[in-house]
Amino acid sequence: MEVLIRENTEIGCLLGAKIIARVVREKPDAVLGLATGRTPLRLYQELIRLHRDEGLDFSRVTTFNLDEYVGLPATHDQSYRWFMRENFFRHINIDQKRTHVPDGTAKDLHAECRGYEQRIADAGGIDIQLLGLGRNGHIGFNEPTGSLRSRTWIKILSEQTLRDNSAVFGSFDSMPKHAITMGIGTILDARRCLLLAFGPAKVRAVEHMVEGPLSAICPGSALQLHPRATVILDENAAAGLRYADHYRWIDQHKLDWQKHR
Ligand code: F6R
């Protein structure tokens, strides 16, 4: 796992955008795995700027989002399909038909999960998967104790996740309690993973993910198994890491070809 500690969220997000932009430049028909939430917002803004000011071309890019709430149609302003359209897709030249978000309103949710896996496979697999980290260590909506080999499935959201995300729904009770999410096995199949975590609220989850034992109690720790996982943190999220100086040392002594790949 490559751990990159940056001064603040702004610098961390610019670096994340740079990494994704590079993937798109090197492979114009790249398949991007995307995340929602507060963490990647600034990264999306930077990708939009790179599109607008530097011609970063998304016309041949395909995307697959990690997750969607069960029961929320694309027209609901808290659905992840809505989030992606408002915060990213409508500002770039992506072909909407190439953007995929699980359908939380599908009549047969199991068939939707199987179909989502198939669509990822048909697209040739994910080149780079962007991830955030839940306070309880979740990635996607894979909550603690879920199988580390899971494929796209339906998950019951934990109470902690509901509390963290319920503000935008007005109340805890009006928030969907289930989601379709790529499984951990699906995420680990991506050729590269890029996880961002910022702020003091993430400190314990980061500690467990990076330095704790590989355990379903912290789904993010599954990234320890990934051959090419990059984690970008700000100083606050990195505050609990025992080996922070080691990660900084590694970061400072990279050979040119290893830098900001
Ligand atoms: C979002 C997702 C979640 C979030 C995580 C962090 O698609 O899959 O795992 O990345 O809950 O959320 P924020 O960024 O809002 O702290």
Side-chain angles (χ1 to χ4, degrees), residues 8-10 12-13 16-17 20 32-45 63-70 72 74 76 78-89 99-104 113 116 120 126 128-144 146 148 150-169 175-188 190 193-206 208-209 216 218-223 229-234 236-237:
N8 54 43
T9 307
E10 171 74 9
C13 282
I20 291 182
L32 307 181
L34 299 178
T36 60
R38 292 157 288 250
T39 308
L41 276 172
R42 180 69 188 95
L43 180 150
Y44 289 137
Q45 285 166 10
T63 65
F64 286 92
N65 263 80
L66 282 165
D67 39 23
E68 178 61 281
Y69 291 113
V70 167
L72 291 197
H76 192 291
Q78 292 308 325
S79 73
Y80 284 169
R81 168 55 85 178
W82 178 287
F83 176 103
M84 291 311 299
R85 190 177 49 238
E86 288 307 304
N87 292 298
F88 193 34
F89 297 151
T99 66
H100 303 85
V101 181
D103 179 1
C113 292
Y116 205 65
I120 294 172
I126 291 171
I128 185 164
Q129 176 66 54
L130 179 63
L131 297 157
L133 183 67
R135 272 211 291 169
N136 61 3
H138 72 216
I139 48 174
F141 271 138
N142 294 282
E143 300 285 33
L148 295 180
S150 50
R151 313 301 307 187
T152 300
W153 57 343
I154 301 142
K155 292 299 289 173
I156 305 166
L157 302 179
S158 71
E159 210 180 329
Q160 163 104 67
T161 300
L162 291 168
R163 298 217 179 280
D164 287 346
N165 292 359
S166 60
V168 291
F169 282 90
M175 193 181 162
K177 307 285 183 294
H178 302 86
I180 298 187
T181 178
M182 280 186 201
I184 305 216
T186 321
I187 292 168
L188 292 182
C193 287
L194 174 63
L195 183 143
L196 270 50
F198 305 122
K202 303 291 172 74
V203 80
R204 287 201 54 206
V206 165
H208 194 160
M209 171 181 70
C218 176
S221 68
L223 292 181
T230 298
V231 172
I232 301 179
L233 308 171
D234 68 351
N236 288 323

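One-based numbering, in listed order, for ligands and for the atoms of each. All heavy atoms count here, side chains included; hydrogens, waters and symmetry mates do not.
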task = Just let me know how Lys202 lines up against ligand 1, side chain, backbone, both or neither, with a heavy-atom cut-off below 4.0 Å.
result = side chain
inquiry  = Rounded to the nearest 0.5 Å, what separates atom CG in Leu188 from atom CE in Met182?
reply    = 12.0 Å
request  = Indicate yes or no for a side-chain donor-acceptor contact from Glu143 to the backbone of Ser158 under 3.5 Å, with no hydrogens or angles considered.
outcome  = yes
task = Answer with side chain, backbone, both or neither: which part of Asp67 has a heavy atom less than 4.0 angstrom from an atom of ligand 1?
result = side chain
request  = Just let me know how Leu66 lines up against ligand 1, side chain, backbone, both or neither, with a heavy-atom cut-off below 4.0 Å.
outcome  = side chain
message = Tell me the contacting part of Leu133 for ligand 1: side chain, backbone, both, or neither, using a 4.0 Å heavy-atom threshold, strictly below.
response = backbone
task = Give the residue, atom name and distance (to 0.1 Å) of the protein heavy atom nearest atom 1 (C) of ligand 1.
result = Thr36 OG1, 3.2 Å
query = How far does CD of Glu68 sit from CE of Met84, to the nearest 0.5 angstrom?
reply = 11.0 Å
task = Check whether any side-chain heavy atom of Ile187 lies under 4.5 Å from a side-chain heavy atom of Leu66, and answer yes or no.
result = yes
query = Under 4.5 Å between any side-chain heavy atoms of His178 and Lys155, yes or no?
reply = no
request  = Give the single entry among His138, Glu68, Met84 that approaches atom 11 (O) of ligand 1 most closely by any heavy atom.
outcome  = His138
note = In this structure, atom 15 (O) of ligand 1 is nearest to the protein heavy atom Arg38 N, 2.9 Å
query = Among protein heavy atoms, which lies nearest atom 14 (O) of ligand 1, and at what distance?
reply = Thr39 OG1, 2.5 Å
query = How about Thr36 and Asp67: do any of their side-chain heavy atoms sit closer than 4.5 Å?
reply = yes
request  = Going by heavy-atom distance to atom 3 (C) of ligand 1, choose the closest among Gly140, Gly37, Gly132, Ala197.
outcome  = Gly140
request  = Can you establish whether the number of heavy atoms outside Arg85 located under 6.0 Å from its atom CZ is more than 12?
outcome  = yes
